[in-house]
Amino acid sequence: MNAPLPLKVTRDVAARAYDFVAKVSNEVAGKLAARLAEETQGEVLFSNADKGRYATDASIYQVMPVGVFVPRTSDEVKTALAICRDLNVPIVARGGGTSQCGQTVGAGLVIDHAKYVRNILNVDVEQRTAEVEPGIVLDHLNAALKKHGLWFPVDVSTSAQATLGGMAGNNSCGSRSIAYGNMVHNVLGLTAWRSDGGLLELGRMDAASGEARALGSYVKTLSDALLPELVAHWPKVMRRVAGYNLDIFNNQSEKPYTQDGSVNLAHLLVGSEGTLALTKSLKLRLAELPRSKVLGVVNFPTFYKAMDAAQHIVKIGDGTLTAVELVDRTMIELSLQNPVFAATVRSALIGQPEAILLVEFSGASKTELIPKIKQLVELMGELGLPGSVVEMIDDAAQKNLWEVRKAGLNIMMSLKGDGKPVSFIEDCAVPLEHLAEYTSALTEVFRKHGSKGTWYAHASVGTLHVRPILDMRREGAAKMRAIAEEASALVRHYKGAYSGEHGDGLCRGEWIGWQFGPKITQAFAQIKHHLDPLNLLSPQRMIDPPKMDDTTLMRFPPNYKVIPIKTALDWSAWNVQNNPVTEQTSTPGSGGDPANGFAKAVEMCNNNGHCRKFDAGTMCPSYRVTRDEKHLTRGRANTLRLALSGQLQGIKAEDAFTSEAVKDALDLCVGCKGCKRDCPTGVDMAKMKIEFLHHYKGKHGYTFKDKLIAYLPDYAPWASRFAPLLNLRDKLPGLAFLSEKLIGLSARRTLPQWKTKTFFNTPQATATRSEVLAATKPVVLFVDTFNGYFESENASAALKVLQAAGYTVHIASKAQPDGKSLCCGRTYLASGMVDKAKTKAREMVDALAPFAEKGIAIVGLEPSCLLTLRDEMLVMGLGAAAQTINGHALLLEEFLAREATAGKLGALKAALKPITQPILLHGHCHQKAFGAVSPIMDVLKLIPGAQPELIESSCCGMAGSFGYEASHYEVSMQMAELSLLPAVRQQPDAVVLADGTSCRHQIKDGAQREAIHVAVLLARQLR
Ligand SMILES: Cc1cc2nc3c(=O)[nH]c(=O)nc-3n(C[C@H](O)[C@H](O)[C@H](O)COP(=O)(O)OP(=O)(O)OC[C@H]3O[C@@H](n4cnc5c(N)ncnc54)[C@H](O)[C@@H]3O)c2cc1C
Ligand code: SF4
Ligand code: SF4
């Protein structure tokens, strides 16, 4: 599936791998790549772009690895280890790379376990255990366990990305850790490769033998000798994840490692962050899936009161309490500003609270749990807050509120400008009785340093997340140090743990000595030396770590520079700076970006890895089928960032942006805009690809295929006259083959069929410009090239429906007629011809502005065309008129849904016949990106008896011309097979609806079913 890259060492070049890599890297790297390629079947990624993509994680750090290895089996990890041992190359183990402290960045061979080493080895339903390989993602494991009524309950927020190996590496903790504990409390056994190649098999100490027993005895001796030190220095809170778990023999935590007091040697490796051994498999303790949940939302007049109440709340519930999560005023405000979440948040509020706590109880039934909510109500009365609890019994309401809690963080992370919320003290854990004082004092520290923090998350266990806003390119590192020093003093004062959830890595390594004192730190070094005497595994991390504020290790060091670029699109909205206290941003264009805001838009990616997901939403289809970091929104953003800042080694800085390395990374981006909506920080890769193509094609030239696709709207009027001739391509044997060879259009595809009789050359009974401007129920129908020339029946159906609903319909046409139809410029944009697209867009503006200015809706049918008016046309320098049109451009279903809500569709409703056939709907990605799918569902419900079902799908894979191209055919079909085509096949009797012309084509090609536009179904149902 992976397109070959110059320095991706594929099988065929394995023999030449040494020369290949050594030329641009160094001799050791060359030997390493050559041997990996020879001795394994794994992916050997040594190009500078690949290394750059693995140089970062969700932290502020960046360190170039020597190379990247993606093993196909766990035995290949062992082989890689042996090669690294021979060559003395360090190893950095990696899962999803979502660590926040720099655990997965380092100057060694990065071994990515997430792509292939992800099997479930065994599930024992009776014993409630599962054995898994380290690369499996938590959500995927839980999806497989669901049918048994079980789950692995360490529910980290990154459950859709985090691998079990990574979770064990970091000793991760979920929102419900008060009930289920941390990772360490749920690991029963572990096998791992030592750096000498031996396999450690770790489980209960009392059953251990051989090497495991020897290891246990060694650590026990250390632990026993240090008992007074442990008692004096070891934090007693459950949320302590720093250092190695030396206290397994002398438990210091408020929650012991095991329920029966036994010692489990696997726990030694949990939280060791890949520094002791490489996990091969994990045996996990599973829990019963909670059958019922209820939520009490407590409203507090002050933040302090909320923090103070947590210590009392955790004592209620008789074992059913599973979460106490904080949402503070800033997050409440942010969520209230979001139209999607406002209603849900309001339903949880009583007045204007300064903070709310989400208190969850889980158990066998609601009946059992409702009294627990009553307990909560009583408790709040006793604490002087009667009437402060909103009771949420309904599952849907609870789910919506949890979504808001997550989204609040996302909105916070989307702050534009160089100041960003930085994670470095965001998981200090303090005993609950001190939580109120601790948070107040730390807020004061932020204020003193000219910053501000928003508080959220795990009040139940004293681990509140908070990220002060810092500008890491300027004074951020110094401020970070100063704040960390003061925070650590507070943590010590309140006897807490400095590292309470996210691990040590580069950010907190230096604080291990501070937390535990020299003797325990020395014991950690001895454990490291005992297990990894060669110091091969993530050296200089937990032992001898660098300073947290070493700017040479940072993604944005003080010498970070952006190469000037004259952009084709307007990126000035990103070219701003912000005030860390008020979060106000400066005027667009004032941010000082030499790339006119484009670089700052790219830098919005903070590497959180949210795009590595397979669940709901669209982002990111090319990753979903390839599982490659390169074909992931994050990988693309990193590639662009490295290019724009001249960090793609081996490529001249001024050539980097238009290099093949960037082209390769963007090649499989289908421009679905999934990331625009789903990425927490709004990274809009589809738009970035347009900007890139403009520069790349401008330099390297357009192919015939580019021109054939881009100029389609221009030649469509005359091409339609030669329809029978042009359609021969799909009829005469050999022509499709020829079109693949000569042009690059896949022979396995049919092409859209030209028609001689089109919507545009058929007389229509429609209103003139002046008639629609004077009408009482006016609407302007924008018929795009695809629906006008290839699928005229859609345009005719839309016209019929609008007229049946009583509207005076005008078909949009050019202000200066030239025989061609109006065009939004989409095909030009997709080919990178931004200047040509601007010409088209200007014609659109001239034609449509008079209607928009009068408040008349401009209705379109093809999502990718109509939504261009609401997206790209706003960044083409078209002035205020484009903004006005943006406010009135609607898809047919959006218009009808709006009018139905306003009670204007009585006539249409009365005219619709009932339907009995099932209806399956596939939303176009751009509809999803603009939240325009639910209006289709609303409109379909106007048809009596209609019970539409939405297919939970990502991009159909056709994406304009993408799927027609021979080089993309396979990927395109795989995208369609992810969920769309199986869903269509599963319901052979259903009417399949798809508003996108490419989606319909894909469904026809892949499932041999005729999908139709919603307009056609509505028209069919007219009496
Ligand atoms: C937005 C956001 C929210 C988060 N929320 C939470 C949260 O709720 N709770 C929480 O605990 N954390 C959270 N994290 C941190 C992070 O997601 C978790 O620590 C997660 O479990 C890491 O999983 P991963 O697969 O990405 O691991 P990685 O980051 O890839 O690796 C984590 C560690 O494990 C090591 N490792 C990986 N594979 C192996 C192996 N096979 N053998 C040995 N070592 C290995 C790595 O070297 C590294 O030290 C969050 C992070 C982000 C960005
Ligand atoms: S592209 Fe968005 S979702 Fe992906 S890592 Fe970057 S910020 Fe996160
Ligand atoms: S536009 Fe679509 S394919 Fe491209 S990066 Fe974003 S989500 Fe992925």
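Order of listing sets the numbers, starting from 1, for every ligand and every atom in it. Computation of the quantities below employed the complete heavy-atom set of this structure, encompassing side-chain atoms and omitting hydrogens, waters and symmetry-equivalent molecules.
In this structure, Ala277 is part of the shell of residues with a heavy atom less than 4.0 angstrom from ligand 1. For the ligand labelled ligand 1, residue Cys173 lies inside the 4.0 Å heavy-atom shell. Put simply, part of Gly609 is less than 4.0 Å from ligand 2, judged by heavy atoms. Between Thr104 and ligand 1 there is a heavy-atom distance shorter than 4.0 Å. Note on ligand 1: Leu278 sits in its first shell, one or more heavy atoms being nearer than 4.0 Å.
Among all non-hydrogen protein atoms, the one lying nearest atom 2 (Fe) of ligand 3 is Cys672 SG, 2.2 Å. Of the protein's heavy atoms, Cys669 SG, 2.3 Å lies nearest to atom 4 (Fe) of ligand 3. The nearest heavy-atom contact from the protein to atom 7 (S) of ligand 2 is Thr681 OG1, 3.4 Å. Remark: minimum distance from atom 3 (S) of ligand 3 to any protein heavy atom is reached at Val670 N, 3.4 Å. Atom 1 (S) of ligand 2 has as its closest protein heavy atom Thr633 CG2, 3.6 Å. Atom 8 (Fe) of ligand 2 has as its closest protein heavy atom Asn608 OD1, 2.6 Å.
Counting backbone and side-chain atoms alike, Cys679 contributes an N/O/S atom closer than 2.8 Å to atom 2 (Fe) of ligand 2.
Residue Gly174 places no N or O, backbone or side chain, under 3.5 Å from any N or O of ligand 1. In terms of polar-atom proximity, defined here as any N/O pair under 3.5 Å, Ser157 does make such a contact with ligand 1.
The distance from ligand 2 to the heavy atoms of Cys605 drops below 4.0 Å at these ligand atoms: 1 (S), 5 (S), 6 (Fe), 7 (S). Proximity to Ser99 (heavy-atom distance under 4.0 Å) selects the following atoms of ligand 1: 28 (P), 29 (O), 31 (O), 32 (C). Near Pro680, meaning under 4.0 Å from one of its heavy atoms, ligand 2 places the atoms 3 (S).
When only modelled atom types and interatomic distance are considered, Arg239 and Ser177 share a side-chain donor-acceptor pair under 3.5 Å. For the 3.5 Å distance criterion, the side chains of Asn607 and Thr56 qualify, holding a donor opposite an acceptor.
Contact annotation for Arg636 and ligand 3: only side-chain heavy atoms (C-beta onward) come within less than 4.0 Å of the ligand. Proximity of Ala58 to ligand 1, defined as any heavy-atom pair under 4.0 Å, is confined to the side chain (atoms from C-beta onward). Counting heavy atoms closer than 4.0 Å to ligand 2, residue Asn606 contributes atoms from both its backbone and its side chain. Here Pro134 has side-chain heavy atoms under 4.0 Å from ligand 1, and that is the only part of it that gets that close. With a 4.0 Å cut-off on non-hydrogen atoms, His610 does not touch ligand 1 at all.
Of all the heavy atoms in Arg85 and Leu536, the pair that sits closest is CA-CD2, 3.7 Å. Listed here is the closest heavy atom pair of Asn171 and Cys173: O-SG, 3.5 Å. Nearest approach of His926 to Leu867, heavy atoms of both residues: O-CD1, 3.3 Å.
Of the listed options Cys675, Cys611, Gly674, Cys620, Cys675 places a heavy atom closest to atom 6 (Fe) of ligand 3. Across Gly97, Gly609, Gly500, Ser172, heavy-atom proximity to atom 18 (C) of ligand 1 is greatest for Ser172.
Taking the six-membered ring for Trp and the full ring otherwise, Tyr180 and Trp151 have centroids separated by under 6.0 Å. Checked against the 6.0 Å centroid criterion, the rings of His968 and Phe962 qualify as a close aromatic pair. Taking the centre of each ring, His185 and His267 stay at or above the 6.0 Å mark.
Between Leu569 and Trp571, the closest side-chain pair of non-hydrogen atoms falls below 4.5 Å.
Comment: Asp871 engages Lys673 in a salt bridge, judged by a side-chain N to carboxylate O separation of less than 4.0 angstrom. Look at Arg467 and Glu426 and you find a salt bridge, because one of the NZ, NE, NH1 or NH2 atoms lies within 4.0 Å of a carboxylate O, short of that distance. Note on Lys115 versus Glu43: salt bridge recorded, some NZ/NE/NH1/NH2 to OD/OE distance being below 4.0 Å.
A donor-acceptor pair is defined here as one N or O able to donate and one able to accept, closer than 3.5 Å; such a pair exists between the side chain of Asp427 and the backbone of His502.
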